[in-house]
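I have placed the structure first, in the form of structure tokens, so that the comments after it can refer back to it.
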Amino acid sequence: MIILDACTVEGMSLQGSSAELLRALREIGIQRVGIPWPAMQELIAHKAMEYRDAHTSALSALNQLNRRTPWGEPQQLPEIRLEDAREHWLDEFGKLAEVIPVSPDVLQQSMFREANVLPPCKTVGAKKTKIGGRDAAIWLSAIEFAERNEEETIYFVSGNTNDFTDGTEYPELMAQDLRMVRDRFVHLTALDDVVSRFAKPCEVDATEAEEALRHPGAATAISDALALAYPRQRSNRIPRSSQFGVMVDPADPWRVRAVGWWMGLTAQLTAVDKVQGYQIGWHKWCMSTTRWLVVGLAQIAGRGPTMAASTWEVRLLFSLAEREDGTPFTILRSFKPEAPSTDHDVNIFEALVANMPVPFDADPFTEDKLELTRLERDLWLDVTTAKDGWAEQP
């Protein structure tokens with residue numbers, strides 16, 4: 001188990017290579033990755049506070065603008081959504097690591113250590129303010145996990161050498177904490193140290209990687225994954241920030257925002273970039289940034305299930321060794337789908353639609369399925385993008 005301190009996670013980009021490799025180790029099953037509950041709460045709180053402070057600053061600036069604008073109705077800022085922000089970051093950090101629970105005993109010991117200024121707790125400032133309760137809880141949670149999982153080696157990763165030391169020598173109390181697990185407790189101060197133990201860079205043929213991703217099973221898996229990532233909504237009235245771009249009717253293409261997918265149908269790989277190879281365990285694995293044109297039935301306000309296409313950029317982890325049975329892959333991270341923007345994409349969309357049966361009794365572009373003229377489309381788009389970016393109910 002790789003156990004990450006809060007400062008280690010804060011020091012990395014969730015879209016960076018270190019985070020990708022951690023997700024890869026976790027997905028492949030080489031190592032579990034965990035964050036103690038106190039550290040997870042600290043990470044989420046920092047992000048929520050940044051959002052709260054930014055909202056407060058924006059509200060102050062908007063009030064000043066309204067006071068100085070001599071015309072029109074005052075502009076309004078959306079209400080702050082702190083709980084939604086916390087849920088978002090819990091989900092984002094959860095993609096990187098599981099949460100290691102903190103027991104009541106650990107919480108009691110942590111508060112006792114802070115009250116009595118016992119390592120890793122300490123005092124700061126002229127008033128000798130006691131701090132370090134969370135640090136003690138993080139440290140003791142890692143120790144407790146090691147004690148309860150006797151078969152696992154623990155890689156504790158923290159750059160906080162002031163409180164946890166660098167792992168070469170500990171205060172007496174912290175050394176006593178480790179007495180039962182010292183032979184399988186590896187203390188590291190940098191994430192690169194632990195990642196390099198399990199993932200060795202190696203050469204990968206970019207052409208071979210691209211050929212593996214063109215396996216028919218990969219296209220099906222991508223279209224299914226997109227439908228799962230942006231599922232059909234119970235209502236079309238969702239914030240514009242949650243909507244995504246699609247193109248409909250390849251014969252007369254127009255772009256609009258959708259609120260979900262009824263189902264994915266197929267996909268075609270359109271670009272492969274940034275191919276990296278790693279020896280992880282006994283297998284060679286590839287990471288690559290890929291771009292797909294995905295076709296499916298989209299949920300669009302004012303219409304029934306509508307044949308549509310999006311371009312979707314995803315960072316994939318896959319093994320070349322298993323491609324004969326279909327290329328298994330893991331989506332390490334992805335970006336919001338966008339409406340196709342090139343003639344090449346439109347041509348692919350048209351070809352894919354022409355070669356697939358419509359999974360409904362009638363073609364979704366006939367008049368009984370709400371076919372719109374260009375003028376009607378323009379009017380409809382004006383309505384659905386109005387009111388602070390919220391879509392109208394159908």
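Every heavy atom of this structure was used, including side-chain atoms; hydrogens, water molecules and symmetry mates were not.
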Within the distance-only criterion (no hydrogens, no angle test), does the side chain of [X] pair as donor or acceptor with the backbone N or O of [Y] below 3.5 angstrom?
| X | Y | value |
| --- | --- | --- |
| Thr311 | Pro340 | no |
| Gln299 | Gln233 | yes |
| Ser223 | Thr220 | yes |
| Ser158 | Asn160 | yes |
| Ser60 | Thr56 | no |
| Thr123 | Thr129 | no |
| Arg257 | Gln243 | yes |
| Thr69 | Trp71 | no |
| Gln31 | Met1 | yes |
| Asn116 | Leu118 | no |

For [X], enumerate each residue passing the side chain to side chain donor-acceptor pair (under 3.5 Å) test, keeping only those at least two apart in sequence or located in another chain.
| X | result |
| --- | --- |
| His187 | Tyr170 |
| Glu169 | none |
| Lys130 | none |
| Gln268 | none |

Would you call Arg214-Glu211 a salt bridge at under 4.0 Å N-O?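 No, no charged N to carboxylate O under 4.0 Å.
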
Counting only heavy atoms not in [X], do more than 12 sit closer than 6.0 Å to its [atom1] atom?
| X | atom1 | value |
| --- | --- | --- |
| Met49 | CE | no |
| Gln176 | CD | yes |
| Glu172 | CD | no |
| Phe335 | CZ | yes |
| Lys274 | NZ | no |

Salt bridge (Lys or Arg N to Asp or Glu O under 4.0 Å) pairs, two or more places apart, involving [range]:
| range | answer |
| --- | --- |
| residues 182-192 | none |
| residues 12-21 | Glu20-Arg315, Glu20-Arg333 |
| residues 116-129 | Lys122-Asp163 |
| residues 28-53 | Arg32-Glu98, Arg32-Glu152, Glu42-Arg134 |

Minimum heavy-atom separation for [X] and [Y], please, with both atom names.
| X | Y | answer |
| --- | --- | --- |
| Leu59 | Leu77 | N-CD2, 3.7 Å |
| Ala251 | Glu350 | CA-OE2, 4.5 Å |
| Ala137 | Val106 | O-CG1, 3.8 Å |
| Pro101 | Ser141 | O-OG, 4.3 Å |
| Pro70 | Arg68 | CD-O, 3.4 Å |
| Ile222 | Ala267 | CG2-CB, 4.0 Å |

First locate atom [atom1] of [X], then atom [atom2] of [Y], and finally report the distance between them rounded to the nearest 0.5 Å.
| X | Y | atom1 | atom2 | answer |
| --- | --- | --- | --- | --- |
| Leu21 | Tyr278 | CG | OH | 4.5 Å |
| Trp292 | Ile348 | CH2 | CD1 | 11.5 Å |
| Arg197 | Thr153 | CZ | OG1 | 9.5 Å |
| Leu317 | Ile28 | CG | CD1 | 4.5 Å |
| Arg291 | Glu313 | CZ | CD | 8.5 Å |
| Leu297 | Thr306 | CG | OG1 | 8.0 Å |

Below 4.5 Å, heavy atoms only, C-beta onward: do [X] and [Y] meet side chain to side chain?
| X | Y | value |
| --- | --- | --- |
| Pro78 | His55 | no |
| Ile35 | Ile3 | no |
| Arg23 | Thr330 | no |
| Trp89 | Leu14 | yes |
| Val259 | Ser242 | no |
| Val275 | Ser288 | yes |
| Asp345 | Phe349 | no |

Just to verify, what does [X] make a ring-ring contact (aromatic ring centres under 6.0 Å, His included) with, not counting sequence neighbours?
| X | value |
| --- | --- |
| Tyr155 | Phe198 |
| Trp37 | none |
| Phe145 | none |
| Trp312 | none |

Sole candidate of Trp261, Phe244, Trp262 that passes ring pair (Phe, Tyr, Trp, His ring centres under 6.0 Å) when paired with Tyr230: Phe244

Is a donor from one side chain sitting under 3.5 angstrom from an acceptor on the other, for Asp166 and Thr168? yes

Can you find a side-chain donor-acceptor pair between Thr8 and Asp5 that sits under 3.5 Å?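 Absent: no donor and acceptor within the cut-off.
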
Spell out, yes or no, whether [X] and [Y] are grouped together once hydrophobic residues are joined by side-chain heavy atoms under 4.5 Å, including indirect joins.
| X | Y | answer |
| --- | --- | --- |
| Trp254 | Val246 | yes |
| Val117 | Met174 | no |
| Leu43 | Tyr51 | no |
| Phe112 | Ile138 | no |
| Met180 | Ile154 | yes |

Going through the checks in order, is the salt bridge (charged side-chain N to carboxylate O under 4.0 Å, His left out) test met by Lys95 and Asp91? CA-CA 6 Å; Lys95 296 173 183 176; Asp91 180 64; 3.8 Å; yes

